[in-house]
Amino acid sequence: MNALVDIRRLRRSFGGPAVLDGIDLKIAQGEFVALLGRSGSGKSTLLRVLAGLDTAPAQKLEIPARRSVVFQEPRLLPWKSVIENVALGARKPDARALAGAALADVSLSHRRDAWPLTLSGGEAQRASLARALVRSPDLLLLDEPFAALDALTRLRMHDLVFDLWRKHHPAILLVTHDVWEAVALADRILVLDQGRFSHEIRVDIEHPRRRGDPQASLIETGLLRELGVELSHV
Amino acid sequence: MADRSAAERNDTHGTPDASLLAPADNRLWRTAGRIASPIAIIALWQIASLSGLLSPRILAAPTEIAITAGRLIASGELVTGLVVSFLRVSAGFSIAVVIGIALALTSGLSRLGEAIIDPPIQMLKAMPFLGLLPLFILWFGIGEAPKIGLVAFGAIFPIYLTLHGGIRSIDKKLIETSQVLELGTIGIIRHIVIPGALPSLLVGIRYGLSVAWLSLVVGEQINASSGIGYIITYARDFLQTDVIVVCLLVYAIMGLLTDGLVRGIEAYALRWRPQVIA
Ligand SMILES: Nc1ncnc2c1ncn2[C@@H]1O[C@H](COP(=O)(O)OP(=O)(O)O)[C@@H](O)[C@H]1O
Ligand SMILES: [Mg+2]
């Protein structure tokens, strides 16, 4: 099958040493990929290239046209109601109807007319997810979308993202520093270090994945060690 | 429950910010306190006038002023003058709003526009614009044009400066988000730049309005053949301090009313902002 994302030898530097030093990345249609790495390792830089917010030289750079992004902050327009924010993502004649459906998908219909600044952190991030999904993207880019949420809300968001992925089946690239988040959700986990992918693991565990599961724990500890070792040579 | 609220009330009495949190009866007392002092001053003024200490050629008595106000309103003189003055401010301020917004959008949205527009405006801003009146008279004669021109010129600066600042301080992350959403340049201006800079613009408009009324007062002192300024000039020639004070009060009331109008617009347009005080 043709890869949805196909990047070869992508480089990006901001003057100093290359943040991305010849990265190769393929993502299949509907694949859920998690990207781990210590802070400052270049995860967001890679995601911004995929989002089309940044340009960088590469031997090959195939990215689908239909993309959506959810950032760590919800980035809703505070002067538009929740439904107007979501409809802005759709930009079609029936944008409002689509937006209503997307809000129902993230169980936020009851807040459709609320102002964004009155939402809780979890609600705002769900609205942001709805705005991304209403575009029916082939590639959904998530840059630490749950990092600012409390632990309980974060676990609920994991279930939500998983359900949405099952329902709409976009390819997802989830940037995170939460190892369990990656293990719980992804088909494949990449670790970014020193401008390269230092590690790649396929996670073939049935969903829903439970935290005490021996196979999952093994992967989790392996990744933690990988990240811990990296931390020690910073 | 009752104990707790009593304790809270005691607490708020103790804090320096009590005015915001104070219970209603306390607020009533404060209002009364604020009114008491002006009333006392007016009473003293009245006594000074009655006792002959304050000559009507210096300043008319409050009662005299009230009677004159009634007479000027009844004769229609005041309303006619007010309409003329109001039209001058409206015309000048409308010009200022259009030019100020156009300049601010140009310089806020493009680096080139900023390089061209911003430096001269920053320089002109430093000039005491009311001092331009003699030049305006030379350029525009003594009709309506110099008066409207002075109002427009003075009000452009606050509108331009606040809107320009507002556009520049728009969250770059929102601009980035709109790129992801593929809103396009027009969409970005419509959905992000204008609503995002609106709070600043409204501050500029309120400030610009006060400048506009001030410019009108000055502009109307010279060669006015109609309007509130004309009534003042005429009264000055006949030493009618009561008429002058009435006219000044009218200026003040008009300033407050137009400011209140903009506040109303503000309250509606910015209703998305969270209410700090419910
Ligand atoms: N616009 C930029 N200008 C200069 N340096 C940048 C810029 N964006 C990112 N960087 C640098 O690139 C490195 C990677 O940043 P980033 O991709 O944000 O890391 P991560 O998301 O993994 O925490 C950091 O050292 C950061 O300082
Ligand atoms: Mg990052």
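Note that the structure is predicted; figures quoted are calculated from it, not measured.
Using a cut-off of 4.0 Å between Lys/Arg side-chain N and Asp/Glu carboxylate O, B:K173 and B:E176 are scored as not salt-bridged.
Judged by the 6.0 Å distance and 45° axis criteria, A:R166 is not positioned over the aromatic ring of A:F162.
Residues from residues 181-206 of chain B that place a non-hydrogen atom less than 4.5 Å from a non-hydrogen atom of chain A comprise B:L181, B:E182, B:L183, B:H191, B:I192, B:P195, B:G196, given in numerical order.
Between A:S44 and A:D143, the side chains place a donor N or O and an acceptor N or O closer than 3.5 Å (distance only, hydrogens not considered).
Panel note: side chain A:R66, backbone A:D138; no donor-acceptor pair is recorded below 3.5 Å. Judged purely by atom type and a 3.5 angstrom limit, B:S169 uses its side chain to pair as donor or acceptor with the backbone of B:G166.
Options A:V69, A:L88, A:T118 differ in how many heavy-atom pairs under 4.5 Å they form with chain B, and the most are formed by A:L88. Interface check for chain B: of the options A:R131, A:E73, A:R135, the most heavy-atom pairs under 4.5 Å are formed by A:R135.
Between B:F157 and B:F153, the ring-plane angle classifies as perpendicular under the 30° and 60° cut-offs.
Here the straight-line distance linking atom CG of A:L76 with atom CH2 of A:W115 works out to 12.5 Å at 0.5 Å rounding.
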